[in-house]
Protein chains: 2
Amino acid sequence: MRLVVARCSVDYAGRLSAHLPLANRLLLLKSDGSVLVHSDSLSYKPLNWMSPPCVLTVLEPDEAQRDAGVTELWKVAQAKTADLLVISIHEVLHDSSHELGHDPGLQKDGVEADLQKLLAEQIELLGEGYRLVRREYMTAIGPVDILATDAAGGSVAVEIKRRGDIDGVEQLTRYLELMNRDPRLAPVSGVFAAQEIKPQARTLATDRGIRCVVLDYDAMRGMDDAHQRLF
Amino acid sequence: MRLVVARCSVDYAGRLSAHLPLANRLLLLKSDGSVLVHSDSLSYKPLNWMSPPCVLTVLEPDEAQRDAGVTELWKVAQAKTADLLVISIHEVLHDSSHELGHDPGLQKDGVEADLQKLLAEQIELLGEGYRLVRREYMTAIGPVDILATDAAGGSVAVEIKRRGDIDGVEQLTRYLELMNRDPRLAPVSGVFAAQEIKPQARTLATDRGIRCVVLDYDAMRGMDDAHQRLF
DNA sequence: GAATGTATCTCGTCC
DNA sequence: GGACGAGGTACATTC
């Protein structure tokens with residue numbers, strides 16, 4: 001990894017065109033050839049970048065560019081698309097290289113899969129008499145998160161999200177439409193379960209006869225722990 | 001901006017829990033207090049990070065940690081949420097600070113707004129006799145990108161996307177449903193226009209009687225330039 | 001490789 | 001400040 005702090009301007013042409021006026025920035029050159037341009041604020045996202053696979057070539061500035069103060073011209077070209085990033089360097093303030101070696105990568109824990117697992121174990125949260133049929137119930141257009149039955153024995157399709165957005169309601173609607181054509185399942189009612197449900201999503205769901213359930217992740221995890229301790 | 005290359009392990013607890021095993025990484029400390037942890041590959045996204053506003057405190061490692069090889073313990077706490085990032089530093093390989101100053105920011109060009117403006121100007125691309133009624137036609141559930149009339153004088157709602165995905169078809173469907181309840185507009189037909197239309201989106205649109213139109217951005221811009229030159 | 005769904009999404013904009 | 005939509009979304013997983 002090479003770290004360069006430089007006064008530079010940057011131009012990108014690809015899926016859009018973008019320009020960064022002359023200023024001091026960090027140029028991050030990774031060993032896979034990728035390049036990131038970071039400013040001193042606005043975390044997370046680089047101001048501009050090129051994803052691998054890509055090739056960096058250092059060009060000599062022409063006379064006009066040299067007159068404008070450009071000392072080095074970096075051309076970063078994407079290998080597959082026609083995307084191009086051009087960095088015009090006016091002054092290098094720092095330049096160092098470092099051997100980092102391979103990174104073992106991030107270990108995550110605590111996402112939608114957890115919510116699904118917990119709700120499957122605590123399906124009675126949806127109401128008395130609810131029974132789990134199975135998780136990831138397969139349909140022609142994809143898996144429904146949870147298929148269950150209610151107290152009356154009717155089928156219930158459950159879509160689980162961390163954040164309940166309008167997209168999730170649309171997704172569940174497509175599943176319900178399809179499943180209600182299957183005489184072995186129909187009628188199938190829908191439950192939209194999420195840690196947080198946006199007002200628009202709730203309105204749309206209610207309008208379509210889909211029940212909304214807000215999940216308390218911490219409480220469910222607590223129940224899970226209690227369950228672990230008891231058995 | 002402070003650049004630290006160090007052998008370290010990282011733990012994050014917040015919206016999820018995550019752990020990075022011991023390895024060499026770049027720690028990027030920005031002047032707004034934010035921290036980014038980058039590896040030497042996988043461009044763009046940091047392995048882990050903390051967004052501003054946040055506070056960094058350097059702690060002394062306790063005996064057990066010191067025995068495990070930890071020389072410095074960095075605690076980065078989010079000021080608003082309870083998110084916490086803990087960086088256990090075993091060895092510092094590089095440490096430098098740089099004054100970057102303010103960044104003028106990115107200037108963009110070539111997004112959805114452009115496509116909308118161009119198509120409004122060149123509405124005849126949809127077919128002979130098409131006339132623009134207005135851009136951003138307001139409905140109860142949001143603005144339709146373009147409202148037009150076809151050669152027969154019938155209303156046409158146009159949804160424009162850079163990438164035509166299934167979501168866009170759903171969005172247009174909702175608009176059409178609503179607009180067709182308005183006797184002053186009905187019947188309203190739909191056009192789904194995008195630079196690129198995904199097969200699934202095309203299938204769904206066609207199934208719902210929505211016409212798909214692929215837009216050639218470069219050609220439209222060319223027409224626009226020609227238009228500018230002529231008038 | 002294409003398609004699909006998630007994200008500690010991030011980031012703008014509009015109300 | 002919250003909601004909503006777009007992103008050069010990026011990224012993992014599945015088909």
Side-chain angles (χ1 to χ4, degrees), chain A residues 11-18 34 36-37 42-52 54 76 78 80-85 105-106 108-116 136 138 140-143 145 159-168 170-171 174 194-204, chain B residues 10-18 34-37 42-52 54 76 78 80-85 105-106 108-113 115-116 136 138 141-143 145 159-163 165-168 170-171 194-195 198-201 203:
Chain A
D11 288 278
Y12 166 77
R15 276 171 279 190
L16 58 69
S17 301
S34 57
L36 282 77
V37 181
L42 289 170
S43 160
Y44 189 85
K45 203 179 165 172
L47 287 168
N48 221 325
W49 70 96
M50 187 60 74
S51 303
C54 58
V76 188
Q78 236 287 336
K80 297 200 161 188
T81 66
D83 292 32
L84 186 67
L85 188 71
L106 190 66
K108 286 190 184 186
D109 173 43
V111 270
E112 191 193 314
D114 260 336
L115 273 177
Q116 193 194 104
E136 301 285 348
M138 207 56 200
I141 54 171
D145 289 337
E159 178 66 32
I160 301 171
K161 295 283 176 202
R162 206 173 57 73
R163 277 185 195 166
D165 226 326
I166 212 162
D167 294 2
E170 297 288 11
Q171 193 184 338
R174 288 197 295 274
Q195 272 191 281
E196 175 198 353
I197 295 180
K198 295 283 174 69
Q200 264 212 348
R202 182 180 292 275
T203 304
L204 185 64
Chain B
V10 182
D11 289 277
Y12 167 76
R15 277 170 278 187
L16 58 69
S17 300
S34 57
V35 177
L36 281 76
V37 180
L42 287 170
S43 159
Y44 191 84
K45 199 180 168 175
L47 287 168
N48 218 325
W49 71 94
M50 186 61 73
S51 302
C54 58
V76 188
Q78 237 287 340
K80 295 198 162 189
T81 65
D83 292 29
L84 186 66
L85 188 71
L106 190 67
K108 284 192 186 185
D109 173 45
V111 272
E112 189 191 313
L115 273 178
Q116 192 193 108
E136 302 283 349
M138 208 54 201
I141 54 170
D145 289 339
E159 178 66 33
I160 301 171
K161 296 283 174 202
R162 204 173 55 72
R163 278 188 194 164
D165 225 324
I166 210 164
D167 294 4
E170 298 286 13
Q171 193 182 339
Q195 273 190 278
K198 295 280 173 72
Q200 262 213 349
T203 304

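What you see is a predicted model, and the numbers here were worked out from it, not measured in a lab. Here is the naming used below: chain letters follow the sequence lines, and residue numbers restart at 1 for every chain.
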If you measure from OH on Y12(A) to NZ on K108(B), what distance do you get to the nearest 0.5 Å?
-> 10.5 Å
Starting at the 5' end of DNA chain C, which residue's closest nucleotide do you reach first, R174(A) or Y12(B)?
-> R174(A)
Report the distance from atom CD of E136(A) to atom P of dT6(C), rounded to the nearest whole Å.
-> 10 Å
Nearest to side-chain heavy atoms of W49(A), which nucleotide of dA10(D), dT8(C), dT10(C) | dA10(D)
Mapping A201(A) and G14(A) to their closest nucleotides on DNA chain D, which lands nearer the 5' end?
-> A201(A)
Round to a whole Å and report the spacing from CD of Q78(A) to C1' of dA10(D).
-> 13 Å
To the nearest Å, how far apart are L47(B) CG and dC11(D) P?
-> 10 Å
Between C1' of dG5(C) and CD1 of I160(A), the distance in whole Å = 15 Å
What nucleotide, of dA6(D), dT10(C), dG1(C), holds the atom closest to the side chain of Q171(B)?
-> dA6(D)
Starting at atom CG of L115(A), determine the distance to atom P of dT8(C), rounded to an integer number of angstrom.
-> 13 Å
When the C1' atoms of dT6(C) and dT10(C) are considered, how many whole Å apart are they?
-> 14 Å
Partners of T81(B) by side chain to side chain donor-acceptor pair (under 3.5 Å), sequence neighbours excluded?
-> D83(B)
Would you say the side-chain atoms of Q78(A) pair up with the backbone N or O of S51(A), donor to acceptor, closer than 3.5 Å?
-> yes
Where the side chain of K108(A) is defined as all heavy atoms beyond and including C-beta, which of dT8(C), dA6(D), dT6(C) is the nearest nucleotide?
-> dT8(C)
Rounded to whole angstroms, how far apart are CD1 on I197(A) and P on dC4(D)?
-> 13 Å
Distance between C1' atoms of dA7(C) and dC11(C) (Å, rounded) = 14 Å
Does K80(A) or N48(B) map to a spot on DNA chain C nearer the 5' end, using the closest nucleotide for each?
-> K80(A)
May I ask you to say whether E159(A) pairs ionically with R174(A), meaning some side-chain N is under 4.0 Å from a carboxylate O?
-> no
To the nearest Å, give me how far apart CD (Q116(A)) and P (dT13(D)) are.
-> 15 Å
Under 3.5 Å, which N/O atoms of the protein pair with N/O atoms of nucleotides 11-15 of chain C?
from	atom 1	to	atom 2	distance (Å)
dC11(C)	OP1	S43(A)	O	3.2

Would you say the side-chain atoms of D145(B) pair up with the backbone N or O of I160(B), donor to acceptor, closer than 3.5 Å?
-> yes
Calculate, to the nearest 0.5 Å, the distance between atoms NZ and CD belonging to K161(A) and Q171(A) respectively.
-> 4.0 Å
Spacing between E159(A) atom CD and dG5(C) atom C1', to the nearest angstrom = 10 Å
Selection from dT6(C), dT10(C), dG5(D) that lies nearest to any side-chain heavy atom of S51(B) | dT10(C)
Minimum heavy-atom separation for S43(B) to W49(A), with atom names?
-> OG-CD1, 4.4 Å
